[in-house]
2 protein chains.
Amino acid sequence: MSKIKTTSTNFANKQALADECSEVYAANIIGGQWALAICSWLINGKLRFGELRKRLPNITERMLTLQLQKLEENKILKRTVYPEVPPRVEYELTPIGYELKPIIEQLENWGKKHKELVFLP
Amino acid sequence: MSKIKTTSTNFANKQALADECSEVYAANIIGGQWALAICSWLINGKLRFGELRKRLPNITERMLTLQLQKLEENKILKRTVYPEVPPRVEYELTPIGYELKPIIEQLENWGKKHKELVFLP
DNA sequence: GACATTACTTACATTTTATATAGTACCATA
DNA sequence: TATGGTACTATATAAAATGTAAGTAATGTC
């Protein structure tokens, strides 16, 4: 999809870190700008492309497509195409995708706590 | 520190998402290339600048500095300068920083599981 | 035959993030 | 006076991620 340079230092560093640090590896998978938000929505059940787009008001179709593709490649979600016109495509978390649920919940709690700490006197 | 354009669409989107999604907000804080790795090391106790650098073999001093500054700004870690020559600077997680521990552990477990799923037949 | 609908592609521009390389300040010690 | 160690800073460049705008395919309905 998007072209990454496998000869770059950045690529090498990312690989090396991900190899020895599973938490960094995990963060690389769900760390895209929209990836976590997409997963958060899908935890409540499958959604169509257009439904996701509505729930992420400012996302462009291109970005949504890219993020969904990346998540599909990483086996976080399953894409189902129905042979209809106009097309209908549904996205659903895989089992390993659903296992992100407790992590997302904890991130949410930590985030709320951090916000209070930082923004309130 | 690094200059972000507060007038960009990207910035606006990030803000909007982080505002309504605390998990995305959290991911933005610990999602830097090296940030999570730094936190992972500091969970075991305070470290000096040079010690961190040794533990992250490929990081440049500039990157380490930037990430540490960002983490300090976000109150994830505390920086202590000792008035000596040559200088000695220690970095230590704050209480809210230490609260990342269970998240990091879960991310690590999930990452390991995901690796098995993807890389083994 | 023109049009609407949905889920994408493609080409290109901009913004953000990361790396490379060189330099600085401080002062104790040689 | 020169050297060494530590934790940075400055500037330039490369790479990656994100955004903009336009198009495509398929087919049922008007």
Side-chain angles (χ1 to χ4, degrees), chain A residues 1-18 24 27-38 46-54 56-72 77 79-91, chain B residues 1-17 24 27-38 46-54 56-72 79-91:
Chain A
M1 61 199 242
S2 49
K3 343 90 217 264
I4 48 163
K5 243 186 189 170
T6 51
T7 55
S8 72
T9 308
N10 185 314
F11 181 82
N13 283 349
K14 238 178 206 161
Q15 287 285 110
L17 251 188
V24 174
N28 285 343
I29 290 178
I30 57 169
Q33 166 102 301
W34 305 92
L36 204 57
I38 291 171
K46 62 174 84 163
L47 288 173
R48 296 180 58 176
F49 184 89
E51 293 173 326
L52 275 170
R53 192 185 44 199
K54 267 176 227 148
L56 302 165
N58 299 309
I59 201 170
T60 60
E61 298 198 332
R62 175 178 143 80
M63 267 300 116
L64 184 51
T65 301
L66 284 178
Q67 299 280 338
L68 288 171
Q69 284 174 350
K70 186 186 160 199
L71 288 170
E72 195 193 355
L77 49 80
R79 178 171 175 268
T80 311
V81 186
Y82 295 87
E84 306 171 358
V85 169
R88 180 159 66 99
V89 181
E90 283 184 348
Y91 292 91
Chain B
M1 61 200 240
S2 49
K3 344 87 216 272
I4 46 162
K5 242 185 187 169
T6 51
T7 54
S8 72
T9 307
N10 185 312
F11 181 81
N13 284 347
K14 236 177 207 163
Q15 287 285 109
L17 251 188
V24 174
N28 285 343
I29 291 178
I30 56 170
Q33 166 100 302
W34 304 93
L36 203 56
I38 292 171
K46 62 174 84 164
L47 288 173
R48 295 179 58 175
F49 184 88
E51 293 172 327
L52 275 169
R53 193 186 43 201
K54 268 176 225 148
L56 302 166
N58 299 308
I59 201 170
T60 60
E61 298 198 332
R62 177 175 141 79
M63 264 301 114
L64 183 52
T65 301
L66 285 178
Q67 298 282 337
L68 287 171
Q69 283 174 350
K70 187 187 160 199
L71 288 169
E72 195 193 356
R79 179 172 174 267
T80 311
V81 186
Y82 295 87
E84 306 170 357
V85 169
R88 181 158 63 99
V89 181
E90 283 184 349
Y91 292 92

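By convention in this document, chain letters (A, B, ...) are assigned in the order of the sequence lines, proteins followed by strands, and residues within each chain are numbered from 1.
Distances shorter than 4.0 Å separate some side-chain N or O of Y91(B) from OP1 or OP2 on dC8(D). The phosphate of dC8(D) (OP1 or OP2) has no side-chain N or O of Q69(B) nearer than 4.0 angstrom. Considering only side-chain N and O atoms, Q67(B) lies under 4.0 angstrom from the phosphate OP1 or OP2 of dA18(C). Residue R48(B) places at least one side-chain N or O closer than 4.0 Å to OP1 or OP2 of dA7(D). Using a 4.0 Å cut-off, some side-chain N or O of K14(B) falls inside it from OP1 or OP2 of dT17(C).
In terms of the side chain to side chain contact (heavy atoms under 4.5 Å, CB included) criterion, residue partners of I29(A) (sequence neighbours excluded) are, by chain and number, Y25(A), N74(A), I76(A), W110(B), H114(B). With sequence neighbours left out, E72(A) forms a side chain to side chain contact (heavy atoms under 4.5 Å, CB included) with L77(A), R79(A). Scored by the side chain to side chain contact (heavy atoms under 4.5 Å, CB included) test, A37(B) finds L17(A), V24(A), L56(B) as partners (sequence neighbours excluded). Scanning for salt bridge (charged side-chain N to carboxylate O under 4.0 Å, His left out) contacts around R53(B) gives E61(B), with sequence neighbours left out.
Between the NZ atom of K3(A) and the C1' atom of dA14(D) there is a distance of 16 Å, given to the nearest Å. If you measure from atom CG of L52(A) to atom P of dT6(C), you get 15 Å, rounded to the nearest angstrom. For N10(B) and dT15(C), the CG to P distance is 10 Å, given to the nearest whole Å. In this structure, F11(B) places its CZ atom 9 Å from P of dT16(C), rounding to the nearest Å. For the pair Q33(A) CD and dA16(D) P, the computed distance is 18 Å after rounding to whole Å. What separates CD1 of I4(B) from P of dG19(D) is a distance of 14 Å, to the nearest Å. Rounded to an integer number of Å, the gap from CH2 of W34(B) to P of dA16(D) is 14 Å. Look at CG on L64(B): it is 14 Å from P on dT6(D), rounded to the nearest Å.
For T65(A) and T6(B), each mapped to the nucleotide of DNA chain C holding its nearest heavy atom, the one lying further toward the 5' end belongs to T65(A).
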Which atom pairs, one a donor and one an acceptor, fall under 3.5 Å between side chains of residues 80-87 of chain A and the rest of the protein, sequence neighbours left out?
residue: Y82(A); atom: OH; partner: E90(A); partner atom: OE1; Å: 3.1
residue: E84(A); atom: OE1; partner: R88(A); partner atom: NE; Å: 3.3
residue: E84(A); atom: OE2; partner: R88(A); partner atom: NE; Å: 3.4
residue: E84(A); atom: OE2; partner: R88(A); partner atom: NH2; Å: 3.0

query = In the 5'-to-3' direction, what one-character label does each nucleotide of nucleotides 20-30 of chain D receive under the scheme B = base within less than 4.0 Å of a protein heavy atom, S = sugar-phosphate only, - = no such atom?
reply = B-----BB---

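Counting heavy atoms from C-beta on, the side chains of Y91(A) and L71(A) never come closer than 4.5 Å.
The structure places NZ of K54(B) at 12.0 Å from CZ of F49(B), a figure rounded to the nearest 0.5 Å.
Nucleic acid contact class of S8(A) (heavy atoms, under 4.0 Å, all strands): sugar-phosphate only.
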